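Below: the structure, in structure tokens.
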Amino acid sequence: MVESTHAGRPGQAGARSQIKIVVPDDHSMVSLLGSRDELLHVIERAFHSDIHVRGNEITVTGAESETELVSRLFSELIDLLKSGTQLTPDAVERSLAMLRNQTEERPAEVLTLDVLSSRGRTIRPKTLNQKRYVDAIDKHTIVFGIGPAGTGKTYLAMAKAVRALQDKQVNRIILTRPAVEAGERLGFLPGTLYEKIDPYLRPLYDALHDMVDPDSIPKLMAAGTIEVAPLAYMRGRSQPVFTKVLTPDGFRPIGDLRVGDLVIGSNGEPTPVIGVYPQGEKDIYRVGTQDGASVLASGDHLWAVRTRDDRRRGKPHRVLTTKDMIGDLRAGHHHRYELPLLSGPVAFPPRDVPMDPYALGSSLGEGSVPESGRPGRPAPDAVSGIGPERAAHGRRTMVLERPVETVMAGLGLQGLAPEETFVPEPYLHNTAEVRLAVLQGLLDANGRPGRRGGRTRKVQYTTVSPRLRDDVTFLVRSLGGIVHQRAGTASGRSVPRRGDAHVLVIRLPEHIEPFRLQRKLDDYRAAGGGRPTRFVHGIEPEGRAEAVCIQVAAADSLYVTEDFLLTHNTLNDSFIILDEAQNTSPEQMKMFLTRLGFGSKVVVTGDVTQVDLPGGQQSGLRVVQDILDGVEDIHFCRLSSHDVVRHRLVTDIVDAYNRYDAQRVPAIKQGGARGGSSRKRGR
């Protein structure tokens, strides 16, 4: 409660007033004034008014403008006590600074905003700019926190990241810094690479240990939930330039792709490439799966995986690097990491074909294409419209042409031996309907359902042709299925000779039926449920190679690479903090920002007055302010010496350097101008 009396006319210059502040009984005067009146002395030093305390009454006498300010200050301090905040000299000074600056936000609102409660302590902003910084992180996808050391840029961003992880707003936290060689080259420092870069990342570890149980941190890092890495590792997620990536026109080397090109995403639909980043030479590993598929990737390439527990609990895919999975591929008798499969058939553009695709598959499935061009033993409903055209003249029938023979010759299939047969390219890179019809023709002719009582529906297909083996594998994988291959012996009616054969065990998605013949379809449906699955089976080093990474616009950032494996390079559902960003080059800053994935948040922190880049190289943090300032959903928050929350001397030091720089810049400009005119006169 506040009572006021005025000596002199209110508002008159030099008018004095007296205000009495009654502190509620439920608050201790010791909490308000501090031990040995420590907080009261801070307030007395800040004003010229007389402040007297008696019991639970505080009397303030002085200039009207001051007494009103003192009254507001005590009101704010009482509200802080009500919220459970412990008052300190620093909190008093910061509350007074906000009141004097006449900010819209009340000190009680700023200093009681809980960012994170962890390990018995609560992390809150301590200045108005810090609160605005925290609010900006909530409201914007990308936030730049720029200011001197000690302003809490990284610490508050870390607290927001941990809170977002706890609230399940993100699936992982990524903390990164550029490793700048200050005085010594990393290559000459002792220890492993991680030991060399550890000092650069130590401040991030320290902040993390303040907010997360130290015993849980190794588990979170092993699971990929928290990743701490130098900035260079952020761009190392790449594949060799000769690695094939699936496009609407077929597989192309990833090194040939450019921004704007289309690749196939996890849903089978085309998605544009929105970033291409050459990586130089990288350590390469071959990642193989239990069904025989494999692809090359760098050690820090990203993979979306799920464990058995993840799947049982309905959790989304986690993202791990190649190196994260090495040595951890088994969980007892089971594979640990399951990879995603296509959620829909690949959508190749439609193409005209000269022969019904089911009829073609039936012909190829018999193991040979006879000289006559007739299918060996196609299903009865497959041959309509493909036989020789005939015309009746009276009682005589005359063969006009042999269209099937002509078509087969045009496709390059006429007269081939069984081990030479293949599926023509126009049928492989065609619509899902065409590809499925070819596969159904092949399987109706020479496939059989799996045995009854199995855990999953499967189909076995045998061929003596290596090309046909690969083509059937392509068809199945392009429809979202998997194929296991093994060697076998070919015999029986459907393969017209005995010898080495290729046995394919096929599993297709539930909504795709591999047969048209009813008896086979009935047996297939009775074989059980299940779904195709693909697990990481092995990871082996493959030397070094030139590498590149791409970014795609797909919502899940996945794209199809060799053997229809799905992988990605961007960071979805992540909270990413780039610390010490003033030591990035413009190219590094662009690379980092364009890695932003869907559902992610990025905080970039740095001090543009402390650039450690060698040779006067331009700072990416300085350049990015000119490039991105004003872009929607990107916010620049600038903190100053008034936001320093370290020792009081740090504020004084920052202010002293600012004054020195302000005096030095005009002097340099003036000296440069004099030097220029002198040189001109000399000439």
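Everything quoted here is computed from the prediction, not taken from an experiment.
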Give me the atom names and distance for the closest heavy-atom approach of [X] to [Y].
X: Ala553; Y: Ile274; value: CB-CG2, 4.0 Å
X: Leu342; Y: Gly480; value: CB-CA, 4.0 Å
X: Pro424; Y: Leu413; value: CG-CD1, 3.9 Å
X: Ser238; Y: Ala547; value: OG-CB, 3.4 Å
X: Ala304; Y: Leu339; value: O-CD2, 3.7 Å
X: Phe251; Y: Thr561; value: CE2-O, 3.6 Å

Does any N or O in the side chain of [X] come within less than 3.5 Å of the main-chain N or O of [Y], such that one atom is a donor and the other an acceptor?
X: Asp563; Y: Ser294; result: yes
X: Asn267; Y: Glu269; result: yes
X: Tyr427; Y: Met355; result: yes
X: Lys601; Y: His140; result: yes
X: Glu281; Y: Ala545; result: no
X: Ser343; Y: Ser266; result: yes
X: Thr431; Y: Ala347; result: no
X: Ser574; Y: Ile576; result: no
X: Asp324; Y: Thr321; result: yes
X: Asp283; Y: Ser298; result: no

Requested in this report: Please say whether more than 12 non-hydrogen atoms of neighbouring residues, nucleotides or ligands are located less than 6.0 Å from CZ in Arg308.
Outcome: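 Counting neighbours around CZ of Arg308, 12 or fewer heavy atoms of other residues, nucleotides or ligands fall under 6.0 Å, so no.
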Query raised in the report: In terms of heavy-atom contacts, does CD of Glu425 have more than 12 from other residues, nucleotides or ligands at under 6.0 Å?
Result: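 Yes, the 6.0 Å shell around CD holds more than 12 heavy atoms from other groups.
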Quick one: are [X] and [Y] in side-chain contact, heavy atoms under 4.5 Å?
X: Val287; Y: Val536; result: yes
X: Leu508; Y: Val476; result: yes
X: Phe575; Y: Ile174; result: no
X: Val472; Y: Thr463; result: no
X: Gln485; Y: Arg469; result: yes
X: Arg534; Y: Leu565; result: yes

Gap separating the [atom1] atom of [X] from the [atom2] atom of [Y], nearest 0.5 angstrom:
X: Thr421; Y: Leu416; atom1: OG1; atom2: CG; answer: 7.0 Å
X: Gln440; Y: Ile512; atom1: CD; atom2: CD1; answer: 9.5 Å
X: Asp300; Y: Lys323; atom1: CG; atom2: NZ; answer: 5.5 Å
X: His334; Y: Arg330; atom1: NE2; atom2: CZ; answer: 8.5 Å
X: Leu442; Y: Asp471; atom1: CG; atom2: CG; answer: 9.0 Å
X: Asp523; Y: Gln518; atom1: CG; atom2: CD; answer: 10.0 Å

Quick one about [Y] and [X] (side-chain donor to acceptor, distance below 3.5 Å, no hydrogens or angles considered), yes or no?
X: Trp303; Y: Thr322; value: yes
X: Thr473; Y: Asp470; value: no
X: Arg435; Y: Ser478; value: yes
X: Arg351; Y: His429; value: no
X: Asp291; Y: Thr289; value: yes
X: Asp633; Y: Thr141; value: yes
X: His301; Y: Thr567; value: yes

Can [X] and [Y] be counted as an ion pair, charged N to O under 4.0 angstrom?
X: Arg525; Y: Glu513; answer: yes
X: Asp328; Y: Arg336; answer: yes
X: Glu562; Y: Lys244; answer: no
X: Glu542; Y: Arg286; answer: yes
X: Asp261; Y: Arg258; answer: no
X: Arg531; Y: Glu338; answer: yes

**Report entry** Arg516 to Tyr358, cation-pi by 6.0 Å centre distance and 45° axis angle
**Finding:**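 Judged by the rule, Arg516 and Tyr358 form a cation-pi pair.
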Query raised in the report: Is it true that the NZ or CZ of Arg477 lies under 6.0 Å from the centre of Phe564's six-membered ring and within 45 degrees of the ring axis?
Result: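 That pair does not qualify as a cation-pi contact.
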Requested in this report: From the options Leu479, Leu436, Leu475, select the one residue that forms a side-chain contact (heavy atoms from CB on, under 4.5 Å) with Pro345.
Outcome: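 So the option named by the test is Leu479.
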Query raised in the report: What do the steps show when you test Leu628 against Leu593 for side chain to side chain contact (heavy atoms under 4.5 Å, CB included), and what is the final call?
Result: CA-CA 11 Å; Leu628 299 182; Leu593 293 175; 3.7 Å; yes
